[in-house]
Amino acid sequence: MLLQNTIKLILEEVVKNTLNLPITKDELVIQRTKAEFEGDYTLVLFGLVKKYKLKPDEIGEQIGTTACQQHASIFKSFNLLKGFLNFSLQDQCLLDFLENTYPNADFGKAFPHTKRVMVEYSSPNTNKPLHLGHLRNIFLGWSIAELLKERGYDVTKSCVVNDRGIHICKSMIAWQLFANGATPASTGQKGDHFVGDYYVKFNDAHKAQVEEGLAAGLSKEQAEREAPIMKATQQLLQDWEAGKKEVLELWNRMNQWVYTGFEETYTKIGADFDKTYYESQTYLLGKQFVEQGLANGTFYKKDDGSIWIDLTEEGLDEKLVLRKDGTSVYITQDLGLAEQKFQEYKYEQSIYVIADEQNYHMKVLQLILQKLNKPYATGIYHLSYGMVELPSGKMKSREGTVVDADDLIAEMIQVASAKTEELGKVKDFSSEELDKLYQTLALGALKFYLLRVDPKKKMIFNPQESIDFQGFTGPFIQYTYARIQSILRKETPAASLPMQKHLEKEERDLLISLEQFPAVLDQAVTEHNPSVVALYVFTIAKLFNTFYTQHSIMNAGTAEIRQLRLRLAMLTATVIKKSMSLLGIEVPGRM
RNA sequence: GGUCCGGUAGCUCAGUUGAAUAGAGCAACUGCCUUCUAAGCAGUAGGUCAUUGGUUUGAAUCCAAUCCGGAUCACCA
């Protein structure tokens, strides 16, 4: 059991008995002792003092004395300071933890259970390549899925591809008009970028035609709608829905180009999915809900035939669920897809990694499912994350400020390579090993940079800062790991050899933090927040580096001390490696 | 206008079930490589926690009002 929990249970017992009070453990505030005071864990007495009108000095003395007497194997000593009861732990209980844990490469892994969770993330459109915003989504979704797995959940990663609709038709029209039969193969371009370029060409052509229309005296709205290229696009959409063969063929062909491109990027960044849904196959789902909703009075029909739900009592608005022409809208499709996912996977929780601009939409989705008495409604969880902005403001495709994912990664690899060469520590690496290292460092920097911030908050992507390799960064932590490996290559701990029974300050600080690893993972899972892990692994790396510069491992004073430190180093490496891998980041043996 | 989210050091962020002198990283400045990787370590400097009022033994954290920024409220997705 975790030390902090053990301590809490013990102190609960001690407080109950010594003070003869009906304490529950929720009333006890236990925290790490602040660095400037002596001790490891602190019981904050103010709550007790207030509730039971006691004197902090008296009860502190009683609790401290009793705890140390009755649980001498855990508590070494205590001190009392203005309502804070600070306990120092016995070295031995920390050493026991180290001894039991260092050989376990699975430290942190919980027993599997049967709770099933779906995590939907990425969910791109097929009309343009992935950009920085997608990367935050993908890294987040992937990491939260892995964290859930680590803590024993049965996880299915899913992706919904928005592969149909007017936006796809725009790229198709532009290709028909301007491509002269060009393909990604004939131009040597990555498929998603290739198609994205035609989407841009559509917009350029459309814009020009709108200006002509305006010049001819049309209103802006008219000009936009009546532009020939737009009308052709509308026609294409109708033909698509009618199942016209040539249209479907072109649609398929262009989407395949995009998928090939996406696949390449996904492989590079290590994203994977167990199940992919295509909107073209699911957009008709959900109409069944309309019947159900009308039947039980949740929905109502307006005179023009459109169907709505009234959510004003819940503080929201009226929401359309079926157009007057009988076609479904986005929310209707989502209702259908939620049902299909549930039928297929019987999930207890279904996590949607979607930007916070859709908070309202997701609220409505859950509310409608509740009103339709769907058992899985409560399991819907919107992992809402803030948009990624640039120091200059929001990314705008119209202004060409969108940061392309592939370009960004290539740039990071460049920087990683330049820095590595500059330091010249791996001159003996083969070019394959170098490429691998550059990629590990580049993606480590990028992923850590995007994951270290609380997902809920919007974040500023500063290109200069993101390629930083010092301080609170992925490479700093990777470097710490490589340092440890360099020692472990020389010597690994030997279980048969005894280790030192006393801990230096830097050793205990590190050990106490290492012990919290499983609790940190639980926190990350409950909060759906990988940044908790990023923050944690950074403090571990810092604690290790502080220890490392003050105490030699290989040249420790005695063989016992060396054994202790080798074990400590090994456990630190395990925790770093696991933390990073849960963030999707690899760690190099050398760098 | 309604609803929701945010405002902490020059910059980027932790800390928000109330608790000790509000913490990191970057940038600035000062030291430390004949000793396990200096992509490191140690230190200095930097704060009216948006503002005002309230609750409390105790408030960045809770409440109210105000100011500023953002999202959303489509027969778009």
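All chains are named by letter (A, B, ...) in the order of the sequence lines, taking the proteins before the strands, and each is independently numbered beginning at 1. The figures here come from the full heavy-atom set of this structure, side chains too, leaving out hydrogens, waters and symmetry mates.
Residue A:Arg483 has a polar side-chain atom (N or O) positioned under 4.0 Å from OP1 or OP2 of B:rA38. Within the structure, a side-chain polar atom (N or O) of A:Arg323 is placed less than 4.0 Å from OP1 or OP2 of B:rA77.
Under the 4.5 Å side-chain criterion, counting only non-hydrogen atoms from C-beta, A:Asp454 is in contact with A:Asn529. Between A:Thr572 and A:Ile484 the shortest side-chain heavy-atom distance falls below 4.5 Å.
A:Tyr548 and A:Phe544 have tilted rings, their planes meeting at an angle from 30° to 60° on a 0 to 90° scale. Classification of the A:Phe202-A:Tyr199 ring pair by plane angle, with boundaries at 30° and 60°, yields parallel. Between A:Phe461 and A:Tyr449, the ring planes lie perpendicular to each other; the angle is over 60°, past the 30° to 60° tilted range. Using cut-offs of 30° and 60° on the angle between ring planes, the pair A:Phe46 and A:Phe84 is perpendicular.
As judged by a 4.0 angstrom heavy-atom cut-off over every strand, A:Thr42 is placed among the base-contacting residues. Using a 4.0 Å heavy-atom cutoff across all strands shown, A:Gly47 reaches at least one base atom of the nucleic acid. Nucleic acid contact class of A:Phe476 (heavy atoms, under 4.0 Å, all strands): sugar-phosphate only. Nucleic acid contact class of A:Leu316 (heavy atoms, under 4.0 Å, all strands): none. Nucleic acid contact for A:Tyr360: sugar-phosphate only, since backbone atoms but no base atoms lie under 4.0 Å from a heavy atom of the residue. Residue A:Gly444 is out of contact with every strand shown, counting any heavy-atom pair closer than 4.0 Å. Residue-level contact check: A:Gln550 touches neither bases nor backbone, having no heavy atom under 4.0 Å from any strand.
Taking the six-membered ring for Trp and the full ring otherwise, A:Phe472 and A:Phe538 have centroids separated by under 6.0 Å.
Residue A:Lys324 places its side chain closer to B:rC75 than to any other of B:rC75, B:rG40, B:rC36. Counting only heavy atoms from C-beta on, A:Lys542 has its side chain closest to B:rA24 among B:rA24, B:rG40, B:rA20. Here the nucleotide nearest the side chain of A:Asp468, chosen from B:rA77, B:rC36, B:rC26, is B:rC26. The A:Glu357 side chain lies nearest to B:rU72 when the options are B:rA20, B:rU72, B:rC75.
Applying the Watson-Crick and G-U wobble criteria (two distances, each under 3.5 Å), B:rU55 pairs with nothing in any strand. In this entry B:rG1 has B:rC73 as its Watson-Crick or G-U wobble partner, both defining distances falling under 3.5 Å. Pair assignment for B:rG43: B:rC29, on the basis of Watson-Crick or G-U wobble contacts that are both within less than 3.5 Å. The partner of B:rC13 is B:rG23, by the rule that a Watson-Crick or G-U pair needs both atom distances under 3.5 Å. Nucleotide B:rA50 forms a pair with B:rU66, judged by Watson-Crick or G-U wobble geometry with both contacts under 3.5 Å.
A distance of about 12 Å separates the C1' atoms of B:rU8 and B:rU48, rounded to the whole Å. Separating the C1' atom of B:rG2 from that of B:rU17 is a span of 30 Å, rounded to the nearest Å. Separation of the P atoms belonging to B:rA38 and B:rC49 is 40 Å when rounded to the nearest angstrom. Nucleotides B:rU51 and B:rG7 have their C1' atoms positioned 11 Å apart, rounded to a whole Å. A distance of about 10 Å separates the C1' atoms of B:rA59 and B:rA19, rounded to the whole Å. Rounded to whole Å, the C1' atom of B:rC11 lies 30 Å from the corresponding atom of B:rA20. For the P atoms, the distance linking B:rU66 with B:rC75 amounts to 31 Å, nearest Å.
Of the residues near RNA chain B, A:Asn359 and A:Ile553, the one whose nearest nucleotide (by heavy atom distance) lies more toward the 5' end is A:Asn359. Taking for each of A:Glu389 and A:His361 the nucleotide of RNA chain B with the nearest heavy atom, the 5'-most of the two is the partner of A:Glu389.
For the residue pair A:Asp317 and A:Tyr360, a side-chain donor N or O sits within less than 3.5 Å of a side-chain acceptor on the partner.
Computed from coordinates, the A:Asp334 CG to B:rC76 C1' distance equals 13 Å when rounded to whole Å. Separating the CZ atom of A:Arg164 from the P atom of B:rC76 is a distance of 12 Å, rounded to the nearest angstrom.
In this structure a side-chain-to-backbone donor-acceptor pair under 3.5 Å is present from A:Thr332 to A:Val321.
With hydrogens and angles ignored, no donor-acceptor pair closer than 3.5 Å exists between the side chain of A:Thr546 and the base of B:rA42. For a distance-only test at 3.5 Å, the side chain of A:Asn545 fails to qualify as a donor-acceptor partner of the base of B:rA42.
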Which protein N or O atoms sit under 3.5 Å from an N or O of nucleotides 7-15 of chain B?
{"unit_1": "B:rC13", "atom_1": "OP1", "unit_2": "A:Ile460", "atom_2": "N", "d": "2.8"}
{"unit_1": "B:rA14", "atom_1": "OP1", "unit_2": "A:Asp454", "atom_2": "N", "d": "2.9"}
{"unit_1": "B:rA14", "atom_1": "OP2", "unit_2": "A:Lys457", "atom_2": "NZ", "d": "3.2"}

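In this pair, A:Phe37 lays its aromatic ring flat on the base of B:rA20, centres within 5.5 Å and planes under 30 degrees apart.
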